[in-house]
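All remarks here apply to the structure that follows.
Here the structure is a predicted model, which is why all the values come from computation and not from measurement. Residue numbering restarts at 1 for every chain, and letters A, B, ... go by the order of the sequence lines.
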There are 2 protein chains.
Amino acid sequence: MLRQVTATLGSVSQISRPVKAKQSTGHGDARRERWRGHRQARRAEFVEAAVRAIGSCGAEVGMDDIAAEAGVSKPVLYRHFSDKSDLYLAVGEWGTNLLMERISPTLRQEGSARERIRRIIGTYLGVIEEYPELYRFVVRRNFADRPVQTDPVTTEKTVIANSLSRLLGEYMRSLELDSGGVEAWSHGLVGMVQASGDWWLDRHSMSRDDLTEYLTKIIWFAIDGVLRAGGIVIDPDEPLEIVPHLRVVEDDVD
Amino acid sequence: MLRQVTATLGSVSQISRPVKAKQSTGHGDARRERWRGHRQARRAEFVEAAVRAIGSCGAEVGMDDIAAEAGVSKPVLYRHFSDKSDLYLAVGEWGTNLLMERISPTLRQEGSARERIRRIIGTYLGVIEEYPELYRFVVRRNFADRPVQTDPVTTEKTVIANSLSRLLGEYMRSLELDSGGVEAWSHGLVGMVQASGDWWLDRHSMSRDDLTEYLTKIIWFAIDGVLRAGGIVIDPDEPLEIVPHLRVVEDDVD
DNA sequence: AATTGCGTGTTACGGCAAGTAACAGCTACC
DNA sequence: GGTAGCTGTTACTTGCCGTAACACGCAATT
């Protein structure tokens with residue numbers, strides 16, 4: 001199960017730090033080429049180890065812990081990750097990937113607008129409930145030393161919010177509505193779900209289904225309001241004719 | 001200006017770490033009592049120094065920087081703050097306090113529901129725009145070493161969300177609606193505004209007024225939807241008859 | 001077959017920032 | 001005067017990220 005997800009991680013990693021196409025750099029050497037796949041596999045393996053270490057040690061793992069979990073010593077880790085942030089970022093990608101792998105199929109299923117929202121939120125809450133320590137690790141970021149732009153969570157949240165932006169933007173434009181607020185709304189909605197999940201994870205004062213229902217309700221109202229303001233009324237329980245397709249990271253490559 | 005805000009900080013600090021009422025503990029000594037006010041003043045002074053240091057050094061200030069800014073050496077700092085988190089928490093409180101000091105008066109003004117929402121959001125965005133480094137410092141938390149419950153931002157966000165909960169809860173109950181989702185919604189809305197602000201601060205891809213307008217719009221739609229679902233319709237531009245009063249931290253003391 | 005490139009791995013160290021002795025002086029209560 | 005509680009210092013320890021230096025293995029080149 002984990003393996004399947006990780007299998008796709010290599011390509012994702014390429015996105016953040018694209019592999020230099022080093023074929024024919026003077027002394028064209030087949031050796032570097034030969035190892036490339038292996039290096040990716042190794043990286044993924046270490047990311048998995050990190051995920052396991054986070055699960056056992058909690059969100060405050062050190063590099064030594066992760067190295068130990070992977071069964072190697074620290075310098076080995078640093079051959080594959082430039083620094084802690086790099087690894088953390090990879091872990092974040094792993095999490096995003098897992099989340100997307102679970103959300104995508106629900107989007108391909110039939111369902112009304114509200115039902116789709118419900119499934120996305122339910123899936124999200126399910127994931128953070130399943131990996132609470134990983135979630136904390138990713139979300140409670142500790143990168144005071146790094147520039148803001150490279151911050152893992154910001155990056156991951158941005159990825160998700162951007163997907164949502166594209167989705168909403170398409171809808172809005174296809175309905176010929178002003179899409180000026182779409183980006184802000186996307187980031188806002190993502191933040192809303194994240195914050196609620198954060199709070200819920202700490203307190204657990206209601207069931208997951210209840211929270212899912214409450215969030216679905218308010219988000220639907222928000223979207224419905226925007227549509228109504230544009231003169232469009234959609235029945236929340238009618239199947240959607242426009243089927244959305246999430247494009248997560250692939251579009252960002254080229 | 002800053003001084004005014006800080007003047008109230010002493011009492012806020014008491015909330016998080018209540019001063020042991022040590023009068024008449026065997027050897028009732030007037031000396032401790034005499035210094036108490038002084039210690040609070042000192043703490044506040046250091047918090048201000050920290051805020052200044054954050055402004056100049058950026059969010060990744062060290063304790064040495066702060067000590068230098070305050071014109072003392074590090075151990076002095078540690079006489080007033082048990083550790084870094086303690087100081088950070090105090091800085092967070094300072095920020096929350098500033099925010100609340102600015103929001104409160106706008107709530108006492110007349111205005112429709114939508115206008116009130118707009119003012120709160122606009123004020124919030126104004127504050128984080130005015131203190132971007134401070135904001136990053138507080139929000140991009142780095143406390144992997146501390147238990148989750150004592151996390152500064154969580155604490156501060158919870159404070160705000162709780163105020164909102166009380167506010168919304170009162171409304172809902174006075175309108176005889178189900179208030180079960182109020183807490184989740186509050187945390188969600190706070191997170192939504194925070195996330196949007198975060199994104200906006202990084203990108204600055206639209207004016208503050210535009211973002212305020214977009215957020216106001218979607219939040220109003222959300223609230224309006226909840227009310228309509230309960231059979232209540234409120235004109236967003238009519239003055240509110242039920243005037244809210246924010247009670248921020250005072251209620252948490254006893 | 002020998003060399004060379006790129007991977008594997010180790011132990012031990014450097015460096016930076018948080019936090020802590022240990023020490024010394026000042027003021028006001030008792 | 002003695003002492004409690006503050007003022008302040010320099011110099012240290014600790015912990016963790018990250019690195020230097022060194023050794024081995026395998027396959028491609030020569």
Kindly say if B/Ser73 contacts the phosphate of D/dG8, meaning a side-chain N or O under 4.0 Å from OP1 or OP2.
-> no

In short, the helix from C/dA1-D/dT30 to C/dC30-D/dG1 is bent end to end, axes from five pairs each side, to 10°, by 20°

Whether the side chain of B/Trp200 engages the backbone of B/Met206 through a donor-acceptor N/O pair (distance < 3.5 Å, no angle test) should be reported. yes

Do A/Gln194 and A/Tyr135 get their side chains close enough for a donor-acceptor pair, meaning under 3.5 Å?
yes

query: Between B/Phe137 and B/Tyr88, is a ring-ring contact (aromatic ring centres under 6.0 Å, His included) present by the stated rule, with each step listed?
result: CA-CA 8 Å; B/Phe137 177 86; B/Tyr88 285 17; 4.2 Å; yes

Are the side chains of A/Val182 and A/Arg166 in touch, meaning some heavy atoms are under 4.5 Å apart?
no

Atom pairs under 3.5 Å: protein N/O with N/O of nucleotides 11-16 of chain D:
none

When rounded to whole Å, the CZ to P distance for the pair B/Arg43 and D/dC6 reads 13 Å

A/Arg39 CZ to D/dC26 C1', in whole Å, measures 16 Å

Charged N-O contact under 4.0 Å between A/Asp198 and A/Arg203: no

* Are A/Ile219 and A/Val193 close enough that some pair of their side-chain heavy atoms sits under 4.5 Å apart? -> yes

Contacts of A/Glu69 meeting salt bridge (charged side-chain N to carboxylate O under 4.0 Å, His left out) (sequence neighbours excluded), chain-then-number -> A/Arg52

Taken to the nearest whole Å, CG/A/Asp86 to C1'/D/dC17 is 14 Å

Rounded to whole Å, the CD1-P distance (B/Ile66 to C/dG19) equals 11 Å

| query | With distance as the sole criterion, is a donor-acceptor pair present between the side chains of A/Tyr78 and A/Lys74 under 3.5 Å? | reply | no

Of C/dG19, D/dG8, C/dG9, the nucleotide closest to the side chain of B/Asp83 is C/dG19

The residue, A/Arg79 or B/Val76, whose nearest nucleotide of DNA chain D is more 5′ is B/Val76

From CZ of B/Phe81 across to P of C/dT20 the rounded distance in Å is 15 Å

Can you find a pair of side-chain heavy atoms, one from A/Arg102 and one from A/Glu130, that are under 4.5 Å apart? yes

Check this one for me: any side-chain N or O of B/His80 less than 4.0 Å away from OP1 or OP2 of D/dT7? yes

For the base of C/dG7, is there a side-chain donor-acceptor partner from A/Arg42 under 3.5 Å away? no

Separation of D/dT9 atom C1' from B/Leu77 atom CG, nearest Å, is 14 Å

Separation of C/dC16 atom C1' from B/Asp65 atom CG, nearest Å, is 12 Å

Whole-Å distance, A/Tyr78 OH to D/dA21 P, equals 18 Å

